[in-house]
Amino acid sequence: MVLQNKTILITGASSGIGAAAARMFAEEGANLVLAARRQDRLEAVRGDLEDASGRIVIFAGDITDPEFSETSVNVALETFGQLDGAFNNAGMLGDMGPLAEMTLQSWNDVISTNLTSAFLAAKHQIPAMAKSGGGSIVFTSSFVGHTIGLPGMAAYAASKAGLIGLTQVLAVECGPQNIRVNALLPGGTKTEMAGDDPAFHEYVAGLHALKRMAEPEEIAEAARFLLSDAGSFVTGSAMLCDGGNSITKA
C-alpha cells in the first residue's frame with residue numbers, strides 16, 4: 001500500500017495507461033482525481049473501481065484549456081485537502097507524415113496537447129504540492145525523440161523530447177520544496193493509440209529486446225514507483241520502461 005492516503009491526480013485516465021494506473025493506485029489506497037476528455041469513459045472507469053479501497057472523483061475537460069489544470073488541482077484540494085502526486089499522462093499522436101507536408105495546425109495541436117499542457121499542469125500542481133510539504137510529478141514522455149527517431153513523427157517526437165527538458169528544469173527548481181519531477185518513457189504499449197492491427201503490433205514488438213509490446217499495467221507499475229516513497233531519491237530522470245527498445249538494433 002505504498003500510495004495509502006496519498007492524493008494522486010491522473011490525466012488521460014479514461015483508457016490505456018491512465019486507466020490501468022487508476023486501478024492500481026486505487027488498490028494501493030490512494031485518493032484519486034481522474035481527469036480526461038470523455039465524461040462517459042471516466043464514469044465507466046470509476047464504476048469499475050467501486051470495489052477498490054481508494055476514494056475517487058472524476059473531472060472531464062480539455063487539457064489544452066488553461067482552466068483545466070487549475071480546476072483539476074482545485075478538485076483535489078477541495079475533496080481531499082491536499083495533492084501529493086500527479087501522473088500527467090494524457091497526450092496524442094497527431095497526424096503522421098513528412099514534416100514538409102505537415103500543417104501548422106497539426107503541429108500546434110500536438111505541441112499544445114503533449115507539451116504546453118504539461119506546463120499548465122505543473123504551474124498549478126507545484127504550488128499545491130508545496131503546501132502539502134512536497135510531492136511527485138510524472139510526465140509521460142516517449143522513447144521517440146529521445147533514443148530513436150521515427151519517420152513521420154516530428155511533432156510527436158519534439159513534444160515528447162520537450163517534456164524531458166521541462167522535467168530536468170522543474171526537478172532543479174522544485175527540489176528544495178521536496179517535489180520530485182520525472183519523465184516516464186514507455187515503449188510500445190497495447191493501448192487505443194496503438195490500434196488493433198495484428199501486423200502492426202508484430203512489427204512494433206520486433207523493435208523491442210523483449211520482442212513484445214507492453215501491457216498498460218506494466219507502465220503503470222513504473223509510474224507507481226516514481227510517485228511513491230520508493231522513488232524518494234529519484235528526480236530529474238528520463239526513466240525508460242521500453243522493453244529494451246532503445247538498445248535494439250536488430
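Please read these numbers as outputs of a predicted model, since none were measured by experiment. All values below were derived from every heavy atom in this structure, side-chain atoms included, with hydrogens, water molecules and symmetry-related copies excluded.
- Listed here is the closest heavy atom pair of L34 and A13: CB-CB, 3.8 Å.
- Scanning both residues, S14 and V45, for their nearest heavy atoms gives O-CG2, 3.7 Å.
- Residues passing the side chain to side chain donor-acceptor pair (under 3.5 Å) test with T64 are D62, sequence neighbours excluded.
- With sequence neighbours excluded, the residues forming a salt bridge (Lys or Arg N to Asp or Glu O under 4.0 Å) with R212 are E218, listed by chain and number.
- In this structure K6 satisfies the salt bridge (Lys or Arg N to Asp or Glu O under 4.0 Å) test together with D229, sequence neighbours excluded.
- Judged purely by atom type and a 3.5 angstrom limit, T189 has no side-chain atom pairing as donor or acceptor with the backbone of T191.
- With hydrogens and angles ignored, the 3.5 Å screen pairs no side-chain donor or acceptor of R180 with any backbone N or O of T235.
- For D109, the CG atom sits in a packed shell: over 12 heavy atoms of surrounding residues, nucleotides or ligands are nearer than 6.0 Å.
- In this view, E101 and P98 satisfy the side-chain contact (heavy atoms from CB on, under 4.5 Å) rule, not counting sequence neighbours.
- Cluster annotation: I126 is not connected to V138 through the hydrophobic network of ILVMFWY side chains, with a link wherever side-chain heavy atoms come within less than 4.5 Å.
- What you find for G145 and A157 is that their closest heavy atoms are CA-CB, 3.7 Å.
- Using a 4.5 Å heavy-atom cutoff, the side chains of K211 and T248 are in contact.
- You'll find the side chain of R38 reaches within 4.5 Å of the side chain of S15, heavy atoms only.
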Intermediate values then yes/no, side-chain contact (heavy atoms from CB on, under 4.5 Å), L185 and H146: CA-CA 9 Å; L185 284 57; H146 181 63; 3.3 Å; yes
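- V2 is connected to L49 through a chain of hydrophobic side-chain contacts under 4.5 Å among Ile, Leu, Val, Met, Phe, Trp and Tyr, so both are in one cluster.
- Open room surrounds CG on D196; 12 or fewer heavy atoms of other groups in view lie less than 6.0 Å from it.
- Under the 3.5 Å distance criterion, with hydrogens and angles disregarded, no donor-acceptor pair is assigned to the side chains of S112 and N108.
- Paired with I111 under the rule side-chain contact (heavy atoms from CB on, under 4.5 Å), one option of S106, S117, S159 passes, and it is S159.
- Here the CD1 atom belonging to I56 is positioned 9.5 Å from the CG atom belonging to N31, to the nearest 0.5 angstrom.
- Sequence neighbours left out, the pairs with a member in residues 77-89 that pass side chain to side chain donor-acceptor pair (under 3.5 Å) are Q82-D84, N88-Q125, N89-T140.
- Across all non-hydrogen atoms, the minimal contact from A76 to T7 is CB-CG2, 4.1 Å.
- Checking side-chain atoms of S142 against main-chain N and O of V144 turns up a donor-acceptor pair under 3.5 Å.
- For residues 168-207, the set of pairs meeting the ring pair (Phe, Tyr, Trp, His ring centres under 6.0 Å) definition, not counting sequence neighbours, is empty.
- Taking OG of S232 as the start and CG of L226 as the end, the distance is 11.5 Å to the nearest 0.5 Å.
- Hydrophobic clustering of Ile, Leu, Val, Met, Phe, Trp and Tyr side chains at less than 4.5 Å, counting indirect connections, unites I148 with Y156.
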Pair V234-N182, side-chain contact (heavy atoms from CB on, under 4.5 Å): steps then yes or no: CA-CA 8 Å; V234 181; N182 292 284; 3.6 Å; yes
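- Checked options L9, L32, I17; the residue passing with F87 is I17 (criterion: side-chain contact (heavy atoms from CB on, under 4.5 Å)).
- Applying the ring-ring contact (aromatic ring centres under 6.0 Å, His included) test to F80 and every residue at least two apart in sequence or in another chain returns nothing.
- For the atom pair CZ of R37 and OG1 of T11, the computed distance is 11.5 Å after rounding to the nearest 0.5 Å.
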I would like to know whether F139 and L184 meet side-chain contact (heavy atoms from CB on, under 4.5 Å); could you show each step before the answer? CA-CA 6 Å; F139 298 113; L184 177 59; over 6 Å; no
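- Judged by distance alone, the side chain of T113 and the main-chain N or O of V110 form no donor-acceptor pair under 3.5 Å.
- Using a 4.5 Å cut-off on side-chain heavy atoms (C-beta onward), L83 and K131 make no contact.
- Legend: ring pair (Phe, Tyr, Trp, His ring centres under 6.0 Å) pairs involving residues 13-39, not counting sequence neighbours: none detected.
- Side chain of N114 to main chain of M92: a donor-acceptor pair is present (N/O by atom type, distance under 3.5 Å, no hydrogens or angles).
- When all heavy atoms are compared, the tightest approach of A158 to W107 is CB-CH2, 3.8 Å.
- By the 4.5 Å heavy-atom criterion applied to side chains, Q168 and I164 are counted as neighbours.
- Here the CE-CG distance, from M24 to L3, works out to 10.0 Å after rounding to the nearest 0.5 Å.
- Side chain of S246 to backbone of D242: no donor-acceptor contact under 3.5 angstrom is found.
- In this structure, E67 places its CD atom where only 12 or fewer heavy-atom neighbours from other residues, nucleotides or ligands lie under 6.0 Å away.
- In this structure the side chain of L170 never reaches within 4.5 angstrom of the side chain of I137, judged on heavy atoms.
- Applying the salt bridge (Lys or Arg N to Asp or Glu O under 4.0 Å) criterion to R41, with sequence neighbours excluded, gives E192.
- For R224, the salt bridge (Lys or Arg N to Asp or Glu O under 4.0 Å) test picks out E28, E221, with sequence neighbours left out.
- Under a cut-off of 6.0 angstrom, the local environment of CD in Q39 is crowded, with over 12 non-hydrogen atoms contributed by other residues, nucleotides or ligands.
- Distance alone, capped at 3.5 Å, is enough to place a donor-acceptor pair between the H208 side chain and the V204 backbone.
- Annotation: side chain of I179 is in contact with side chain of V181 (closest heavy-atom distance under 4.5 Å).
- If you chain together hydrophobic residues whose side chains sit under 4.5 Å apart, L93 and L115 never meet in one group.
- A donor-acceptor pair shorter than 3.5 Å cannot be found between the side chains of S69 and S72.
- With a 4.5 Å cut-off between side-chain heavy atoms of Ile, Leu, Val, Met, Phe, Trp and Tyr, the cluster of L210 takes in none.
- The two residues I63 and A90 have their closest heavy-atom pair at CD1-CB, 3.6 Å.
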Would you please test L207 and F143 for side-chain contact (heavy atoms from CB on, under 4.5 Å) and show each step? CA-CA 12 Å; L207 299 176; F143 67 92; 5.7 Å; no
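- Not counting sequence neighbours, the partners of F68 by the ring-ring contact (aromatic ring centres under 6.0 Å, His included) test are F59.
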